[in-house]
Every structure is written in C-alpha cells, then in structure tokens.
Amino acid sequence: MSSDDDSDTIFKALADRKRRAILDALKDEPKTTGQLVALFPQIDRCTVMQHMKVLETAGLIVARKEGRERWNHLNALPIKSIHDRWIGDYARNAVGLMSRLEGELGR
C-alpha cells in the first residue's frame, strides 16, 4: 500500500454494505455491469454504477471492455494489503495476549 490516502480510500469503499455485496458477487468470477445491476433490483442502475465507480477508484474492481460489454473483475490485492497492514499484526498480538492470559489463569 503506497500511502495512508490509499488505505483511507479502500476503507471508505468497504464501509458501505452494498459495495461489499458487489465485491462478494465478484468473488468467484467476473460479471458484466448488466449482471451486477440485475443482482441488485432494490437499487437503480445509476446507483449501482456509482458504487462500482467508488470500488474502481479504490482499486477493488478492475473493469475491461469487450465489445459493448464491460466486465468487472475483483482485485483482492488492496484487501490483502489492508489485512497485512492492519488485521494480521493485531490478530497476532491478540493471540499472544490470549495465550499469556490462558497461561496466567492456568496457574
């Protein structure tokens, strides 16, 4: 991750549950914009496109045009960077703390 601004952009993109749902929809395979819009009938096409733009700006979606279709691919690297920077270290510390606590309670 190149800067705190990048991680802020990624966190902001991931903060919305609809955007996380779009990423979930792309987890197993790329989808066209039309396919994604069809998966979210409760929101209009324009709103889905706005959410996709936020995800693309954060680098979480990579779009490729093929003819008239736009294929959207999940880019998990920014999520891995967030994990490596924030979650991994904190989880390791938490496991260490729990291990020490368990040792002290077992005495």
Side-chain angles (χ1 to χ4, degrees):
M1 188 157 308
S2 62
S3 74
D4 286 339
D5 288 341
D6 291 340
S7 60
D8 286 348
T9 303
I10 295 164
F11 275 117
K12 287 176 186 175
L14 293 172
D16 187 278
R17 66 182 168 83
K18 289 182 179 112
R19 290 194 283 267
R20 292 190 307 269
I22 291 170
L23 293 176
D24 285 341
L26 295 172
K27 186 172 45 175
D28 294 326
E29 63 184 4
K31 292 189 174 35
T32 65
T33 300
Q35 290 171 324
L36 286 172
V37 168
L39 290 174
F40 301 96
Q42 69 278 17
I43 52 180
D44 62 73
R45 180 181 184 85
C46 185
T47 303
V48 173
M49 295 289 294
Q50 288 173 337
H51 284 301
M52 291 171 59
K53 180 64 177 166
V54 171
L55 292 168
E56 192 171 1
T57 299
L60 294 163
I61 287 180
V62 176
R64 190 183 78 236
K65 288 213 42 142
E66 283 184 24
R68 295 182 66 184
E69 293 182 319
R70 174 186 152 120
W71 284 88
N72 303 282
H73 302 258
L74 173 66
N75 178 16
L77 290 177
I79 296 170
K80 182 181 181 328
S81 295
I82 291 289
H83 176 272
D84 292 348
R85 165 61 179 94
W86 291 97
I87 299 166
D89 288 341
Y90 288 99
R92 265 190 300 284
N93 289 339
V95 168
L97 288 171
M98 293 302 292
S99 178
R100 286 193 298 277
L101 179 61
E102 185 178 77
E104 290 178 20
L105 292 175
R107 292 181 189 182

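Below, all heavy atoms of this structure are taken into account, side chains as well, without hydrogens, waters or symmetry copies. In this chain, residues are counted from 1 in sequence order.
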Say whether Val62 and Val54 are linked into one hydrophobic cluster, either directly or through other cluster members, by side-chain heavy-atom distances under 4.5 angstrom.
no
Can a donor-acceptor pair be found between the side chains of Asn72 and Thr32 at a distance below 3.5 Å?
no
Atom pair CG (Leu14) and CZ (Arg19), whose distance is rounded to the nearest 0.5 Å
8.5 Å
So how far is it from Ile79 CD1 to Ile82 CD1, rounded to the nearest 0.5 Å?
9.0 Å
Where the side chain of Asn75 meets the backbone of Gly59, is there a donor-acceptor pair that is under 3.5 Å apart?
yes
Can you confirm whether Glu29 sits close enough to Gln35 that some side-chain heavy atom of one is under 4.5 Å from a side-chain heavy atom of the other?
no
Short N-O contact, Glu102 and Arg100, less than 4.0 angstrom:
no
Which pairs of donor and acceptor atoms, one on a side chain in residues 38-48, lie under 3.5 Å apart (sequence neighbours left out)?
from	atom 1	to	atom 2	distance (Å)
Asp44	OD1	Cys46	N	3.0
Asp44	OD1	Thr47	N	2.9
Asp44	OD1	Thr47	OG1	3.2
Asp44	OD2	Thr47	OG1	3.2

Under 4.0 Å between a Lys/Arg side-chain N and an Asp/Glu carboxylate O for Lys31 and Glu69?
no
Gln50 side, atom CD; Asp16 side, atom CG - distance, nearest 0.5 Å:
11.0 Å
With a 4.5 Å limit on heavy-atom distance, are the side chains of Ile61 and His73 in contact?
no
Distance, nearest 0.5 Å, that separates NE2 of His83 from CG of Leu77
14.0 Å
Closest non-hydrogen atom pair between Pro78 and Leu60, with its separation
CB-CD2, 3.7 Å
What's the separation between atom OG in Ser81 and atom CG in Asp6, rounded to the nearest 0.5 Å?
9.0 Å
Could you tell me the separation between the CG atom of Leu55 and the CZ atom of Arg20, rounded to the nearest 0.5 Å?
11.0 Å
Please report the closest heavy-atom contact between Lys27 and Leu74, naming both atoms and the distance.
CA-CD2, 3.9 Å
Joint cluster assignment, Met52 & Val37, ILVMFWY side-chain distance < 4.5 Å:
yes
